[in-house]
Amino acid sequence: MPEVPRSLALLWTGVLGGCADVVVETDIPYDERFAVAKLDVYSPPPRGAARPAVIVIHGGGWREDSDRDYMELHSERFAQAGYVAFNIEYRGTPGDGAFPGAVQDTLCALSFVRANAARWNVDPDRIASYGYSAGGHLASMLGVAATAGVVAPDCASGPTGPVAAVVSGAGPQDMRLFPEVDALIDFLGGGKAEAPENWTNASPIHHVAPGAPPFLFITGDADWFVDIAHAESMQRALADVGTDSRMFVIPGGGHLFNRSPSGQTWDVTLSLDTPEAWAATIDFLDRTIGGDL
Amino acid sequence: MSDLLGLVIAAATSTADVSAIAEPDYNAVSISVPAIDGLRGIGASYERWFPARRISIAAIGQLRQTATGDYGALSVGVGGEARWYWRADAWLSKLPAGSMVGWFLGARLEVALGATHDRIDDRWLGESLDLGTSGLIGYRIAPWRHVEITPSVGLGMRRQVDLSGRLPAYSRGTAFAGLSVGWMF
């Protein structure tokens with residue numbers, strides 16, 4: 001019987017085949033004080049050794065009308081690749097999600113996951129954060145601001161240390177680079193003159209210090225919402241303290257629009273979702289927290 | 001006066017007759033604006049018109065750099081598209097009725113093969129296939145000579161297949177907008 005080339009077999013199963021056995025648990029509260037403070041867990045098939053994990057954080061301008069549904073497919077794909085994925089919700093604006101609320105929630109989610117690591121067979125030292133846009137900002141804060149007093153959480157699971165790696169897709173890194181638009185004013189509690197300390201303290205770049213975890217930045221160079229300057233300045237700041245980081249830039253890529261496979265259209269697609277960005281992401285996670293999965 | 005009126009009517013009728021019997025353009029070559037946006041790629045299509053059924057068939061090709069920075073990536077895409085121009089006439093069009101202009105409904109199949117490289121460690125991260133199926137609606141105008149401009153919008157499904165086998169296949173829906181500019185002949 002002739003041997004089927006491996007790539008052809010993968011293509012066949014990839015195009016038509018189903019997926020691995022991922023177990024999904026939904027609406028698990030990580031902070032009982034807030035109704036929205038819940039997460040969904042996507043677990044790969046069980047095994048003996050503890051697995052690495054990814055905290056998945058949705059975007060949407062820190063608004064309370066955005067939610068984690070958009071990251072379901074990302075979470076499922078991470079689980080299929082061997083990572084336990086925690087797709088988290090957090091408080092938004094207008095409301096008590098304004099800084100530091102949303103940051104505290106993501107820290108509480110991380111702390112909760114670590115406190116319950118055995119429940120999902122997670123290695124608490126191999127947890128990465130992954131997010132897009134506002135979620136990319138919060139993912140970065142989990143990397144560099146976990147121990148900053150200004151965002152210290154007061155949830156039951158208590159404070160925790162930084163994640164071991166960060167994937168920030170089009171994430172704001174320096175709030176001071178933005179104009180005073182409504183989303184920023186709502187999140188930061190005022191304009192630059194009214195709340196200057198929040199515009200600084202909410203900026204991941206302000207918290208960069210030696211020992212920061214490795215970062216992967218994914219961004220389009222035609223992103224009109226979150227300019228590539230955010231990632232570039234953060235990468236320089238990380239280099240200054242000796243932290244390894246990588247920059248994945250999509251030529252002509254926007255915040256919400258990227259090319260279709262044949263280039264005929266602008267698709268509503270996050271920069272994180274191109275096949276090349278996925279290849280860079282999984283390689284980065286495998287190298288930083290993957291271990292033997 | 002009546003002679004002059006008769007001359008005008010004759011001239012108008014003559015023009016209309018010429019328009020009615022003029023042959024439509026059977027071919028179009030178009031450049032995709034999304035493909036060249038960012039100046040890191042090129043995408044083009046060839047479209048053939050079958051006026052009896054008011055249907056066209058197009059072949060599509062694209063070459064694009066899909067990553068820079070600490071990574072490099074290149075993607076080669078091909079596709080096919082069928083369109084039905086149900087009126088085959090358009091506002092602002094200088095081409096005769098029966099040309100492939102105006103409102104159309106379309107269906108597209110496309111696939112791209114991409115490869116990603118880690119420049120810092122000089123490693124290839126693998127190849128991927130990006131497949132797409134789409135339904136679209138658009139409106140083509142030919143406002144000057146045989147130049148055509150075609151905006152479109154639609155909905156589609158995308159499926160990624162990692163040929164290295166590290167990642168499982170991944171499907172998602174999408175909405176999209178397109179714009180092409182070309183020459184009909």
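Just so we're clear, the structure is a prediction, and the values are computed from it rather than from any experiment. Residue numbers begin at 1 in each chain, while the letters A, B, ... track the order of the sequences. Heavy-atom basis, side chains included; hydrogens, waters and symmetry copies ignored.
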**Heavy-atom pair count under 4.5 Å with chain B, highest-scoring of P261(A), A222(A), G252(A)** =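 Highest number of pairs under 4.5 Å: P261(A).
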Options [options], ranked by heavy-atom pairs under 4.5 Å with chain A, top entry:
options: G114(B), A67(B), A115(B), S152(B); value: A67(B)
options: L167(B), V111(B), I60(B), T116(B); value: L167(B)
options: R123(B), Q62(B), E81(B); value: Q62(B)
options: E127(B), R108(B), R119(B); value: R108(B)

**Asked** Which residue, L216(A), I282(A), V56(A), forms the side chain to side chain contact (heavy atoms under 4.5 Å, CB included) with V167(A)?
**Response**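 With V167(A) as partner, side chain to side chain contact (heavy atoms under 4.5 Å, CB included) holds for just one option, L216(A).
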**Message:** With heavy-atom distances below 4.5 Å as the criterion, would you say the side chains of R54(B) and W49(B) are in contact?
**Reply:**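 R54(B) reaches W49(B) side chain to side chain.
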**Prompt:** Is any side-chain heavy atom of R48(B) closer than 4.5 Å to a side-chain heavy atom of N27(B)?
**Reply:**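 A side-chain contact exists here, since the closest heavy-atom pair is under 4.5 Å.
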**Message:** If I compare all heavy atoms of W183(B) with all of E148(B), which pair ends up nearest, and what's the gap?
**Reply:**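 So the two residues come closest at N-CG, 4.2 Å.
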**Message:** So which atom in F225(A) and which in D223(A) form the shortest heavy-atom distance, rounded to 0.1 Å?
**Reply:**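 F225(A) and D223(A) have their closest heavy atoms at N-OD1, 2.8 Å.
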Quick check on [X] against chain A: is it the side chain, the backbone, both or neither that has a heavy atom closer than 4.5 Å?
X: I31(B); result: neither
X: T68(B); result: both
X: S30(B); result: neither

Contacting region of [X] [heavy-atom separation from chain B under 4.5 Å]:
X: S260(A); answer: both
X: E232(A); answer: neither
X: R259(A); answer: side chain
X: S245(A); answer: backbone
X: N258(A); answer: neither
X: D283(A); answer: side chain

**Prompt:** Are the charged groups of D273(A) and R158(B) less than 4.0 angstrom apart, N to O?
**Reply:**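 A salt bridge is absent here (no side-chain N lies under 4.0 Å from a carboxylate O).
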**Pair R140(B) + E47(B): basic N to acidic O under 4.0 Å** =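 Yes, R140(B) and E47(B) are salt-bridged.
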**Message:** Tell me whether the count of non-hydrogen atoms from other residues, nucleotides or ligands lying under 6.0 Å of CZ in R145(B) goes above 12.
**Reply:**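 Count not over threshold, so no.
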**Asked** Hey, what's the ring geometry for W120(A) with F86(A), parallel, tilted or perpendicular (30° and 60° as the breaks)?
**Response**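 Ring orientation of W120(A) relative to F86(A): perpendicular.
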